[in-house]
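Quick note: numbers below take in every heavy atom, side chains included, and nothing from hydrogens, waters or symmetry partners. Note on naming: letters A, B, ... go to the chains in the order of the sequence lines (proteins, then strands), and numbering restarts at 1 for each one. None of the values given here were measured: they were computed from a predicted structure.
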Amino acid sequence: MANLNQLTITEASKKLAAGEITSVQLTEACLAEIEKKNPSLNAYLEVFADALEQARLADERRALSLSKGLEISPLLGIPLAIKDNILIEGRTASAASKILENYVATYDATVIKKLKEAGAVFLGRTNMDEFALGGSTENSAYGPTKNPYDDSRVAGGTSGGSAAAVATHMALGALGSDTGGSVRNPASFCGVVGLKPTYGAVSRSGLIAAVSSFDQIGPITKTVEDAELIFNTIRGQDPLDSTSTENPKSEIRNPKKKIGVPRTLLEKGVEPDVLACFESSLEKLKGQGCEVVDIALPSLDYALSAYYIINFAEVSTNLSRFDGVRYGLSLKGESLFDDYASSREAGFGSETRRRIVLGTYVLSAGYYDAYYGKAVAAREQLRREYIKAFESVDFIATPTMPDAALVIGEKSDPLSLYLIDIFTVTANLTGNPAISIPMGTVEKEGKQLPVGLQLTAAHGDEAALFAAGKLLY
Amino acid sequence: MLSREEVLNLASLARLKLGEDEVESLQKDISNILEYVGQVSTVSVKSEQGPTLLKNVMREDLPVGEAGAPAATLGTREDLLKAFPKQEKGYNVVRKIIQKDE
């Protein structure tokens, strides 16, 4: 029974159902791997001391459900890793920030409630960019997560810990959150599957908010099938998140075969070897009977600018709640203003402070119309272009990232790090679902590094992404 | 480039303290970033587009436990009290902000 942690969720689920293995064995295998690899990779910020106890309860529940003939979720007893911005009652949730270092969640996020109902085991909380601001997990207050393929490189971000944990079999699957690519970017850099669901498909109640009009919780897994399994467990409307919508499990009505490629966007700044991987995965899809056409999406030129303006604006607003008065880090100064400012100075990292200042700028009187107002208009225009595009194609395909994983510290200028989000931010602006699927490797300094293919589908059509993803991986 | 005073004013509006080096680097970084994202100013908003695709979602404002209210509680009183930086007799101790007229 060696290497149980290397199983996919689907495989492990079958073995659990057949009585060949137990959740305790699975969890022990993951914990052993964590002990071996986590000290160097820094994927987990905390491993839960009661993980084995959770697994034992899952095994008991299985025996009881079997004896009573109750339905058993495929996630019963499956050990998962959870991003540090998703609340689990009674456990620390710090969003990888010093300001929440001592914060203990008082309730379960809706996705956690659903996973508990299914009987999943929570192994620990994973590293991320502070408050999900970044794209490399270098902005964590607790040090960067290393890339499993080359420890001098980043794991991607912001859900870098979750992606690295799944890639190295320290968990069978994980939850991340995606604000501008935060599930798909580390999935691409670590060679795993990452899904950003349709805006509204998954409740964000209990997710520490970064950019409320972009944030979605999504699975990071070893296979497309596993991503589908987690997504179908956590999806659904929730009265605690008024942006969540009822979107009944979509069925594939007719096979989706037409793929649009925004060629003009690819001409700018994609590494040649990444582009070669992209072309060969398009060829593979053609071989499966897909048709590939060029599409024009003129408003894509504004996507990054619009994305970052809205990001800064909402981040500065959302993070104003951290003031040291009710919870989290609290420092006393000479005045009330000083209390706030000292707590926020000591609690927030430099990228977080930078975005708060930028958000304050773009929202201030005199600049609001030129920045935020225009960004919202560009977003609306882009969304309309996407809706129109999906009348003629079934998918939009791009590389997930323009390059393989960066060297730690490589992009010290903040703007240059923003620019690598070029392909991922669009799905957050338009609310479409998008998935990153491994599409091969490129060589960098003698090491093979994974890169991902991104497929975007029409609103609510995750089923099409899963079907197409399974053709490739 | 943004002036030192402009950066300090923004920080003060956002209730942030900044280190001396940070003010300097923010002057440069913010200007670069604003120059890039300023591209959106050339977006022309077409009038024929009609209303936004967004819509408001409303619900009744009901106390937890009442019919029609969300079923969840977001933590017990004790749990929430525990998170306070300083508490006394079940209250959060905060700084006195109202002064008597002299």
Got B:Asp29 and A:Leu415 here, is their nearest side-chain heavy-atom distance under 4.5 Å? no

Matching residue for B:Leu10 among A:Leu358, A:Ile356, A:Val357 - test: side chain to side chain contact (heavy atoms under 4.5 Å, CB included): A:Val357

pair A:Tyr327-B:Pro85: side-chain heavy atoms closer than 4.5 Å: no

Judged by atom type as modelled, is there a donor-acceptor pair below 3.5 Å linking the side chain of A:Lys374 to the main-chain atoms of B:Thr42? no

Selection from A:Ser343, A:Ala375, A:Ser335 maximising heavy-atom pairs under 4.5 Å formed with chain B: A:Ser335

Need one label for A:Val376: side chain, backbone, both or neither, based on atoms under 4.5 Å from any heavy atom in chain B. neither

With the threshold set at 4.0 Å, does a side-chain nitrogen-carboxylate oxygen contact exist between B:Arg15 and A:Asp323? no

Out of A:Val104, A:Asp339, A:Asp369, which one racks up the most heavy-atom pairs below 4.5 Å with chain B? A:Asp339

Quick one, A:Tyr367 and B:Leu34 - any side-chain contact, counting heavy atoms below 4.5 Å? no

How many angstroms lie between CG in B:Leu16 and OG in A:Ser342, if you round to the nearest 0.5 Å? 11.0 Å

State, yes or no, whether a side-chain contact exists between A:Leu419 and B:Tyr36 at a heavy-atom distance under 4.5 Å. yes

Note: A:Asp301 and B:Gln39 closest approach over all heavy atoms is O-OE1, 3.6 Å

With chain B, the option among A:Ala370, A:Pro414, A:Ala378 that has the most non-hydrogen atom pairs under 4.5 Å is A:Pro414

Region of A:Thr360 that comes under 4.5 Å of a non-hydrogen atom in chain B: both

Verify the neighbour count for atom NZ of A:Lys388: are there more than 12 heavy atoms of other residues, nucleotides or ligands below 6.0 Å? no

Taking atom CZ of A:Phe337 and atom CZ of B:Arg95, what is their separation to the nearest 0.5 Å? 12.5 Å

Side chain from CB out, backbone as N, CA, C, O: work out which of these in A:Phe348 comes under 4.5 Å of a heavy atom of chain B, or both, or neither. side chain

Check: B:Phe84 and A:Val325 side chains under 4.5 Å, non-hydrogen atoms: no

Heavy atoms from other residues, nucleotides or ligands near CD of B:Glu66 exceed 12 (cutoff 6.0 Å): yes

Give, as side chain, backbone, both or neither, the part of B:Ile97 having an atom under 4.5 angstrom from any heavy atom of chain A. side chain

Nearest 0.5 Å please: distance from the NZ atom of B:Lys17 over to the CG atom of A:Leu331. 8.5 Å

When you compare the side chain of A:Glu345 with that of B:Leu18, does any pair of heavy atoms fall below 4.5 Å? no

For chain A, which candidate among B:Val93, B:Val37, B:Asp79, B:Val94 shows the most heavy-atom pairs at distances under 4.5 Å? B:Val37

Pair B:Ile33-A:Arg354, side-chain contact (heavy atoms from CB on, under 4.5 Å): steps then yes or no: CA-CA 10 Å; B:Ile33 293 165; A:Arg354 182 160 34 231; 4.3 Å; yes

Residues, nucleotides or ligands: over 12 heavy atoms within 6.0 Å of B:Glu35 CD: no

Report which part of A:Ser242 has an atom under 4.5 Å of a heavy atom belonging to chain B: side chain, backbone, both, or neither. both

Tell me, side chain or backbone of A:Ala306 under 4.5 Å from chain B's heavy atoms, or both, or neither? both

Between A:Arg353 (side chain only) and B:Glu22 (backbone N and O only), is there a donor and an acceptor less than 3.5 Å apart? no

The reported gap from OH in A:Tyr418 to CG in B:Asn32 (rounded to nearest 0.5 angstrom) is 11.0 Å

Would you mind reporting whether B:Leu80 and A:Arg326 have side-chain heavy atoms less than 4.5 Å apart? no

Quick one: closest heavy-atom pair of B:Val40 and A:Tyr371, and the distance? CG2-O, 4.2 Å

